[in-house]
Enquirer: 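Once you've had a glance at the structure underneath, I'll fire off some questions.
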Amino acid sequence: MDLPQFLAELESLTAEAHAAFQAAADTAALEAARIEFLGAAKGRLKNAQKGLGAVAKDDKPAAGKRFNDVKTEIEGAFAAAQERVSSVGAAKREGPRFDPTLPGERLRLGRLHPITQTIEELKDIMGRLGFTPADGPEIEDEYHNFEALNIPAEHPARDPLDNFYLSVADGQSPVPGKSSSAPGQKPALTSRPLLLRSQTSTVQIRVMEKTQPPVRIISLGRVYRPDEADATHYPIFHQMEGLLIDRQVTMADLKSVLRMFATSYLGEDVHVRFRPSFFPFTEPSVEADMHWHDRWIEFGGAGMVDPNVLKAVGYDPEVYSGFAFGLGIERLCMRRHGITDIREFYRNDVRFLEQF
Ligand code: DAH
């Protein structure tokens, strides 16, 4: 046998051994392939080794080296196949293996309540118009909820049946953690009734008490009225109050701000119209409507801040003027999303909430 023939035989033996080991699906098949190629007595590698004797003497070193390489390679291929076959068996015994290529499990993330989302968006829009958010307490006194807003004691808006007055036991504060009077002192609260604020206009007063003009704020928050719940009423709802005080402010400024606001929120050019109205804290007072989708929609009250209100907080009405407005947040959100029942906001039904 000459060298090229011997080497060619080794080559095809190697290829066949690789193929046989790879094809073996289980330990029994692999053992059969092992005996065929690596068997000690009649294996094909053993057989090839015999051919080595027939190679010419000068070619022997090269033939022998190649034979050893092939032997190592075939043994390596067998070892790899053995590992593969046994790991398949192991996997079957252990059950499914971790598969890093599978898509992960979706996290069920919560989301913000539609009213909260609306509040954030309104703050954003008004922020671009230069209005800074301000907050006030939800438990108010009559001075900030009524008197400073030019709402006199005999005004029907102060009727106990139309407000959530808080009954306060002597010496106790309705605000947790706050004692209303020093020990041994007469409680002052009994002479100063408290209530859940019925409007966010209270924040106008609280801001003006603390700041000097110019003022340009909005206040968004909860208000409370003992209304029977129906599709358009709920005893808790939200308002956005706006207040701008400066020199030479006019109703044209008010209308522009409301129009820009409505246009930003509803996403198209919205017309705003004023209808004469009355609020004790504005003069003149208007109901503001906006024209959207071929309809006029009421969106809240507004007007020029009454000089009495400016005087109550120590502003000079001869120098300063301003406008204020108060809009229902639920109503805005309902219009924009086509929601027809305000109670949906408070039912906490995820099928409703997850649509926003
Ligand atoms: N506070 C009024 C309400 O709850 C709404 C309102 C009207 C607010 C006119 C204003 C305003 O600031 O100027 O019905």
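Atoms within a ligand are numbered from 1 in the order they appear, just like the ligands themselves.
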Enquirer: Specify whether Y320 and Y315 have parallel, tilted or perpendicular ring planes, treating 30° as the upper limit for parallel and 60° as the lower limit for perpendicular.
Expert: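 Rings of Y320 and Y315: tilted, as their planes differ by 30° to 60°.
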
Enquirer: Donor-acceptor pair, R197 side chain versus N145 backbone, under 3.5 Å?
Expert: no

Enquirer: Ligand 1: which protein N/O atoms lie under 3.5 Å from its N/O atoms?
Expert:
| from | atom 1 | to | atom 2 | distance (Å) |
| --- | --- | --- | --- | --- |
| ligand 1 | 1 (N) | Q199 | OE1 | 2.7 |
| ligand 1 | 1 (N) | S201 | OG | 3.0 |
| ligand 1 | 4 (O) | R225 | NH2 | 2.7 |
| ligand 1 | 4 (O) | Q239 | NE2 | 2.9 |
| ligand 1 | 12 (O) | Q204 | NE2 | 3.1 |
| ligand 1 | 12 (O) | E241 | OE2 | 2.6 |
| ligand 1 | 12 (O) | F325 | N | 3.3 |
| ligand 1 | 12 (O) | F325 | O | 3.3 |
| ligand 1 | 13 (O) | A324 | O | 3.1 |

Enquirer: Listing request: all salt bridge (Lys or Arg N to Asp or Glu O under 4.0 Å) pairs with a residue in residues 306-318, at least two apart in sequence or in separate chains.
Expert: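 Every pair satisfying salt bridge (Lys or Arg N to Asp or Glu O under 4.0 Å) with a residue in residues 306-318: there are none.
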
Enquirer: Do any pairs count as a salt bridge (Lys or Arg N to Asp or Glu O under 4.0 Å) and have a residue in residues 147-162, sequence neighbours left out, and if so which ones?
Expert: E142-R158, E147-R158

Enquirer: Measuring centre to centre across the rings, with the benzene-like ring taken for any Trp, is H155 within less than 6.0 Å of F146?
Expert: no

Enquirer: Pairs in or reaching into residues 65-80: which pass side chain to side chain donor-acceptor pair (under 3.5 Å), with residues at least two apart or in two chains?
Expert: E11-R66, H18-E73, K65-D69

